[in-house]
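All of these numbers come straight from a predicted model, not from anything done at the bench.
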Amino acid sequence: MNFGKNNPLLINLALQGGGAHGAFTWGVLDYLLEDGRLEYDGISGTSAGAMNAVVFANGLLNGGADGARHALSEFWTAVAKSLPFEVAVRSADGESVSLAPGLKLMLQWSHYLSPNQLNPLDIDPLRKIVSERIDFERLRRNRKLKLYIAATNANTGKLRVFHRHELSVDTILASACLPTMHRAIEIDGEPYWDGGYSANPAIFPLFEECKSRDILMVLLTPLRHKGDPHSAGEIKSRILEIAFNSTFLREMRTFAQLQEYVSRQWFPIGRFERRIAKTHFHVIEAEDIIRELPSETKLAANKWFFEMLRDCGRERAKAWLDANARNISKRSTVQLTNLFY
């Protein structure tokens, strides 16, 4: 296949949530935009992935690939500067980061106090950052790029996927609403929490509604840890991580099972089975780096930390694209059964 900047390959993006670790996804997107070999059909995002998705899409509308790169950089820089106090502390050797003592104390209080008590004014710097930088009216009108933002109904536990025409500041904040830190976001009379509880991210809209048969997943949650959790903090962190990843793992296991089933059929298959067989999956991740980071660093809004993760994301995206670009539209570059089944 002849491909390049004049003949880009169409692909879908699935962007996981992970708080500050979403800066890794910033780096992935930054390199893919700089490289120019890909074009984008649909993007599904949850939490930080939702933030990256709408900033990316808004930037594309305003200035193409360069506009999207600038928008992502501006967004993450604004997040790093958004709090009136330092939330993260860099180690003496400059190689790691941890939360400031004051924020650690606030996290401990969050186990005993509701958001109304802990944050009575419901202060959320992200609302100002997002509302000032995203033209939601223009995004809703844009029919070229499909957007799917996941949030969890706090009353039913059900997933709600907001489509492009439903996007607003509230839908994005709902996707990233941690219930221990912020009040539920009310939309259409229903309260919503972080989408990670029900889809991190949702893959099925990309499969069902997008023209491209290639889905590139940018993963922030390690699929496997090196050791067992022992301390109380480690156990709580692992429980939360499992809760946030269980629906995604279940969805991907279903895709793995379906593709395995279709591959064994000798008789003519129907439209749904052909669609399953022709769907290609790809993964960019940094499991070896992210699983070494304390879970608390998901709240580390720190410029140096963001830039470290961004650079890592750029490196992983370059390595993946150089190795796999010729396989896009032809075959998967990851075995779903090995990862999820």
Would a distance-only check, ignoring hydrogens and angles, find a side-chain to backbone donor-acceptor pair under 3.5 Å from [X] to [Y]?
X	Y	answer
H165	H163	no
S175	A150	yes
T156	K158	yes
Q259	T279	yes

Are any non-hydrogen side-chain atoms of [X] and [Y] less than 4.5 angstrom apart?
X	Y	answer
V283	F281	no
I284	L219	no
T297	H21	yes
L126	H182	no
D194	F244	yes
I43	K146	no
L216	L32	yes
E34	R314	yes

Next item on the list: Verify the neighbour count for atom CH2 of W193: are there more than 12 heavy atoms of other residues, nucleotides or ligands below 6.0 Å?
Entry: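 Counting neighbours around CH2 of W193, 12 or fewer heavy atoms of other residues, nucleotides or ligands fall under 6.0 Å, so no.
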Check: So does E208 have more than 12 non-hydrogen atoms from other groups sitting under 6.0 Å from CD?
Finding: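 Result for CD/E208: enclosed.
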Nearest-0.5 Å distance, [atom1] of residue [X] to [atom2] of residue [Y]:
X	Y	atom1	atom2	value
Q265	E273	CD	CD	8.0 Å
I289	L293	CD1	CG	8.0 Å
T254	M252	OG1	CE	9.0 Å
E285	L339	CD	CG	8.5 Å
L258	S263	CG	OG	11.0 Å

Between [X] and [Y], does the ring centroid distance fall short of 6.0 Å?
X	Y	answer
Y148	F162	no
F207	F255	yes
F75	F306	no

Give a yes or no on whether a salt bridge exists between [X] and [Y], defined as a side-chain N under 4.0 angstrom from a carboxylate O.
X	Y	result
R160	D188	yes
D41	R213	no
R331	D214	no

Over all atoms of both residues, closest heavy-atom pair of [X] and [Y]:
X	Y	result
I203	I215	CG2-CD1, 4.0 Å
G18	K298	O-CG, 3.5 Å
E166	T171	O-CG2, 3.3 Å
S212	L10	OG-O, 3.0 Å
L60	A68	N-CB, 3.8 Å
I187	Y192	O-CE1, 3.6 Å

Next item on the list: Apply side-chain hydrogen bond (donor to acceptor under 3.5 Å, both in side chains) to W76 and N52, showing your working.
Entry: CA-CA 9 Å; W76 284 96; N52 277 318; 2.9 Å; yes
Next item on the list: Please name the residue in the list L220, D311, L29 that meets the side-chain contact (heavy atoms from CB on, under 4.5 Å) test with F24.
Entry: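 The side-chain contact (heavy atoms from CB on, under 4.5 Å) with F24 is passed solely by L220 among L220, D311, L29.
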Check: For R37 and D322, what are the C-alpha separation, side-chain angles and deciding distance, and is it a salt bridge (charged side-chain N to carboxylate O under 4.0 Å, His left out)?
Finding: CA-CA 10 Å; R37 279 181 277 182; D322 288 347; 3.1 Å; yes
Note to self: Could you tell me if H280 and S332 have a donor-acceptor pair between their side chains, going purely by distance under 3.5 Å?
What the structure shows: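 No, H280 and S332 have no side-chain donor paired with an acceptor closer than 3.5 Å.
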Next item on the list: Given side-chain hydrogen bond (donor to acceptor under 3.5 Å, both in side chains), test N62 with R138 step by step and report yes or no.
Entry: CA-CA 10 Å; N62 289 335; R138 189 178 182 189; 2.6 Å; yes
